[in-house]
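Below: one structure, written as C-alpha cells.
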Amino acid sequence: DQQVKQNSPSLSVQEGRISILNCDYTNSMFDYFLWYKKYPAEGPTFLISISSIKDKNEDGRFTVFLNKSAKHLSLHIVPSQPGDSAVYFCAARKTGANNLFFGTGTRLTVIP
Amino acid sequence: GAGVSQSPSNKVTEKGKDVELRCDPISGHTALYWYRQRLGQGLEFLIYFQGNSAPDKSGLPSDRFSAERTGESVSTLTIQRTQQEDSAVYLCASSLGGGELFFGEGSRLTVL
C-alpha cells in the first residue's frame with residue numbers, strides 16, 4: 001500500500017527553466033513532508049521540508065508547496081541547473097511516528 | 001568520516017545463505033533506521049532504533065530479517081536464508097531523533 005506516490009518516474013527540463021516535481025499522499029495523519037535528492041551510488045540527501053501548518057517553504061532555488069486539502073505537494077526548482085539532475089524522493093511522516101514513508105522517486109534530467 | 005558508513009558496499013550471495021550488513025551511524029545520533037530499495041521501488045522502511053527503547057520492527061518483511069544495535073552505535077542487519085526477492089539496496093540512516101535523516105551510501109545485495 002503506497003501511501004506516498006510520485007506518479008512521474010522521470011522528468012526532463014531545459015537548463016534555466018523551472019522543474020516541478022509532484023507528490024501525492026493518502027494518509028491524512030501525515031504532518032511533516034520532506035524532499036530528498038539521490039545521486040547514483042550515493043545515499044539520499046535531505047533537500048527541503050515543510051510542516052503541515054505551512055503551505056510554502058522556500059530555500060534558495062528550491063520551494064516546496066503543500067496543498068493539504070488535495071493531499072498534494074510539489075517541489076519547484078528554479079532556475080534548473082545540470083547539477084540538479086538526480087532522483088528526487090518525496091517523504092512523509094505521521095504525528096509522533098518514527099519512520100518516513102517514501103515515494104518511488106522521480107528522475108530529473110536537466111538538459112544543458 | 002563524519003557521515004553514516006555502511007559495509008559491505010556490495011554483496012553477492014547464493015540463495016539460502018545468511019548475510020550481515022553493517023551500519024556505523026553519525027556519532028551522537030540517537031536514532032538509527034534501516035530502509036531497503038528494490039529495483040524500481042521507493043524506499044521501504046524496515047526497522048528503527050531510538051536510544052535504549054525497544055526497536056520499531058514493524059517494517060521487517062519476514063522473520064528471516066533481524067537487526068541489532070549496540071547502545072547508540074553500530075547496527076547490524078541480518079538476513080537469514082536469503083531469497084532472490086531480498087536483492088535490493090539496503091540503506092541505513094541516522095538522526096538526532098525526529099530530525100532530518102542522514103543516509104549512508106547503502107549496501108547493494110544481490111542474491112543469485
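Reckoned from all heavy atoms, side chains included, excluding hydrogens, waters and symmetry mates. Below, read A as the first sequence line, B as the second, and so on, with proteins coming before strands; counting in each chain starts at 1.
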*So which part of B:L91 gets closer than 4.5 Å to some heavy atom of chain A, the side chain, the backbone, both or neither?*
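Contact with chain A is through the side chain of B:L91 alone.
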*Using non-hydrogen atoms only, which part of B:Q6 is less than 4.5 Å away from chain A: side chain, backbone, both, or neither?*
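It is neither, since no heavy atom gets under 4.5 Å.
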Under a 3.5 Å cutoff, is there a donor and acceptor pairing between the side chains of [X] and [Y]?
X: A:N67; Y: A:H72; result: no
X: A:S80; Y: A:S19; result: yes
X: B:Q50; Y: B:Y48; result: yes

*With chain A as the partner chain, list the residues of residues 51-62 of chain B whose heavy atoms fall under 4.5 Å from it, by residue number, and write 'none' if nothing qualifies.*
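Listed by number, the contacting residues are B:D56.
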*If you check every heavy atom in residues 101-112 of chain B against those of chain A, which residues fall under 4.5 Å?*
B:L101, B:F103, B:G104, B:E105
*How long is the gap from OH on A:Y36 to CZ on A:F102, to the nearest 0.5 Å?*
5.5 Å
*Would you check if the distance from the ring center of A:F65 to the ring center of A:H76 is below 6.0 Å?*
yes
*Between A:Y25 and A:F33, does the ring centroid distance fall short of 6.0 Å?*
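Judged by ring-centre distance (under 6.0 Å), A:Y25 and A:F33 do meet the cut-off.
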*asked:* With a 4.5 Å cut-off on side-chain heavy-atom distances among I, L, V, M, F, W and Y, is there a chain of contacts connecting A:W35 to A:L66?
replied: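 Same cluster.
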*asked:* Looking at every heavy atom in both B:R81 and B:Q83, which two are closest together, and how far apart are they?
replied: O-NE2, 3.0 Å
Over 12 foreign heavy atoms within 6.0 Å of [atom1], [X]:
X: B:R64; atom1: CZ; result: yes
X: B:E68; atom1: CD; result: no
X: B:E14; atom1: CD; result: no

*Can you tell which part of A:F89 gets under 4.5 Å to a heavy atom of chain B, answering side chain, backbone, both or neither?*
side chain
